[in-house]
There are 2 protein chains.
Amino acid sequence: MRAGLNAERVTVAGADLADEVGFGEVTLSALAERLGVKVASLYSHVAGLGDLQTRIALLALAELADLAAGELAGRAGRDALAALGGVFRDYAREHPGRYAAAQHPLDHETALASAGPRHAAMTRAVLRDYHLAEPDRTHAVRLLGSVFHGYVSLELRGAFSHSAPDSQESWVRVIDSLDALLRSWPTTDDDPRT
Amino acid sequence: MRAGLNAERVTVAGADLADEVGFGEVTLSALAERLGVKVASLYSHVAGLGDLQTRIALLALAELADLAAGELAGRAGRDALAALGGVFRDYAREHPGRYAAAQHPLDHETALASAGPRHAAMTRAVLRDYHLAEPDRTHAVRLLGSVFHGYVSLELRGAFSHSAPDSQESWVRVIDSLDALLRSWPTTDDDPRT
DNA sequence: TAATTCACCTACAGGCATTAGGTAAATTCC
DNA sequence: GGAATTTACCTAATGCCTGTAGGTGAATTA
């Protein structure tokens with residue numbers, strides 16, 4: 001009896017498994033068992049464990065980009081900022097394994113073909129309303145990426161769950177702070193430090 | 001002939017190996033070979049791979065806390081902020097394996113006995129100069145942690161190395177931004193959103 | 001110098017990734 | 001509709017890694 005697998009079904013099953021047991025704990029053995037198939041059979045669809053990890057990472061990046069594109073449509077300013085951050089935060093909480101996979105290192109060529117560039121473009125789009133000129137725009141992109149990724153990572157690790165106030169409150173304040181910061185961004189044409 | 005090992009020597013060697021090949025790639029096999037010893041001999045000093053990983057994590061957290069304490073002495077305000085962030089950033093670049101180990105999850109009991117609480121205390125100390133009352137102080141602690149960890153993680157992953165301007169410039173701007181943000185932190189006794 | 005400790009060893013079992021080579025089900029072609 | 005081809009899946013075997021059991025000899029202590 002054939003199970004009717006292909007590369008995408010295997011990848012999705014791997015992503016689901018990652019969400020349940022953690023990305024680093026995904027093994028071909030466990031995945032094969034879940035799919036009702038022998039381990040060697042998986043090699044007909046993916047090149048090995050490393051290839052599977054890369055495919056899950058690409059899946060997660062694409063899903064994240066699609067979600068972000070949907071939430072960002074028709075929003076601007078603080079609204080867009082909160083929406084973009086919220087996509088990352090919600091995705092990480094609903095799909096921790098997929099979110100971890102999205103941090104998996106990709107070689108340069110693969111990264112360029114991934115949804116990574118779409119992410120960068122969307123962050124730039126969110127900043128459009130704040131009217132920053134280069135290089136400040138790039139500095140701001142990096143700051144937003146750092147805050148979103150950092151906050152979500154720490155929250156996922158439980159770093160904010162053992163002390164008051166609730167993490168949700170801090171999240172709202174962080175978004176507010178970023179919004180205020182971007183509005184009053186100090187434009188620096190000559191900074192003696194740089 | 002005896003190699004004269006003990007738990008600490010094994011842990012330090014493991015940390016050095018992690019800095020060279022990555023924390024996730026540390027194996028007892030490779031570590032034993034590097035120490036000129038058979039794999040089974042390592043079990044006289046550490047309880048297994050998991051225990052070794054925990055010990056490397058605790059070592060990294062302690063080293064980071066010691067470095068931070070040293071750099072923070074006698075500094076305040078933006079100076080202290082830059083020093084604390086710089087410790088994380090420099091440590092991660094010089095010791096990527098140790099930095100990755102510091103993110104290794106610890107069970108609650110172990111985390112409490114680790115240098116983790118010292119880190120929290122030092123971040124609060126840096127904020128002293130900005131005169132924030134609770135719960136704003138905690139929100140700010142979480143923001144700083146997020147930015148530092150997020151920026152360092154992304155930079156380490158090479159996310160900022162394929163576009164101008166130089167990451168160092170963005171780092172200085174991020175520190176400046178945080179300083180400005182903390183100085184003008186909007187004190188909110190009643191925020192209708194929370 | 002004798003007893004004890006313990007750092008290190010050999011030998012083995014189990015789990016996982018990976019490859020080689022085979023079989024039968026699905027698909028394609030005439 | 002039957003033959004040829006493709007391919008999804010299999011069994012079998014190898015090698016690396018973690019982890020355990022039990023032994024040996026060097027260092028330490030009495």
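Being a predicted model, the structure only gives us computed values, none of them experimental. Letters go in sequence order (proteins before strands), and every chain restarts at 1.
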Which heavy atom in L127(B) sits nearest to a heavy atom in A140(B), and how many Å separate them? CD1-CB, 3.7 Å
Strictly by ring-ring contact (aromatic ring centres under 6.0 Å, His included), give each pair with a member in residues 156-177 of chain B just once, sequence neighbours left out. H108(A)-H162(B), Y151(B)-F160(B), Y151(B)-W171(B)
How close or far is atom C1' of dT23(C) from atom NZ of K38(A), stated in whole angstroms? 16 Å
Given axes from five pairs at either end, by how many degrees does the helix from dT1(C)-dA30(D) to dC30(C)-dG1(D) bend, rounded to 10°? 10°
Which residue pairs satisfy the salt bridge (Lys or Arg N to Asp or Glu O under 4.0 Å) criterion with at least one member in residues 137-149 of chain B, sequence neighbours excluded? none
Interatomic distance where CG belongs to N6(A) and P belongs to dA26(C) [whole Å]: 16 Å
Distance check needed: dC8(C) P versus R9(B) CZ, whole Å only. 10 Å
Exactly one of I175(A), L182(A), D129(A) should register a side-chain contact (heavy atoms from CB on, under 4.5 Å) with R78(A). Which one does? I175(A)
With sequence neighbours left out, the residues meeting side-chain contact (heavy atoms from CB on, under 4.5 Å) with R75(A) are E71(A), D79(A), A80(A), A83(A)
May I have the distance from L42(B) (atom CG) to dC9(C) (atom P), rounded to whole angstrom? 9 Å
Strictly under 4.0 angstrom, non-hydrogen atoms only: write out the protein contact profile of nucleotides 13-20 of chain D, one letter per nucleotide from the 5' end, B, S or -. ----SSBB
Atom CG of L5(B) and atom C1' of dC9(C): how far apart are they, to the nearest Å? 13 Å
Presence of S41(A) side-chain N/O under 4.0 Å of dC10(D) phosphate oxygens OP1/OP2: yes
Pairs where residues 25-38 of chain A contributes a residue and the test salt bridge (Lys or Arg N to Asp or Glu O under 4.0 Å) is met, not counting sequence neighbours: E20(A)-R34(A)
N/O (side chain, H45(A)) to phosphate O (OP1/OP2, dT7(D)) under 4.0 Å: no
Results of side-chain hydrogen bond (donor to acceptor under 3.5 Å, both in side chains) for H95(B) - residues two or more places apart only: D19(B)
Does anything in residues 122-149 of chain A pair up under ring-ring contact (aromatic ring centres under 6.0 Å, His included), and if so which pairs, sequence neighbours excluded? none
Residues passing the side-chain contact (heavy atoms from CB on, under 4.5 Å) test with S114(A), sequence neighbours excluded, are L58(A), L61(A), L106(A), P117(A)
Could you state the CD-P distance from Q53(A) to dC16(C), rounded to the nearest angstrom? 15 Å
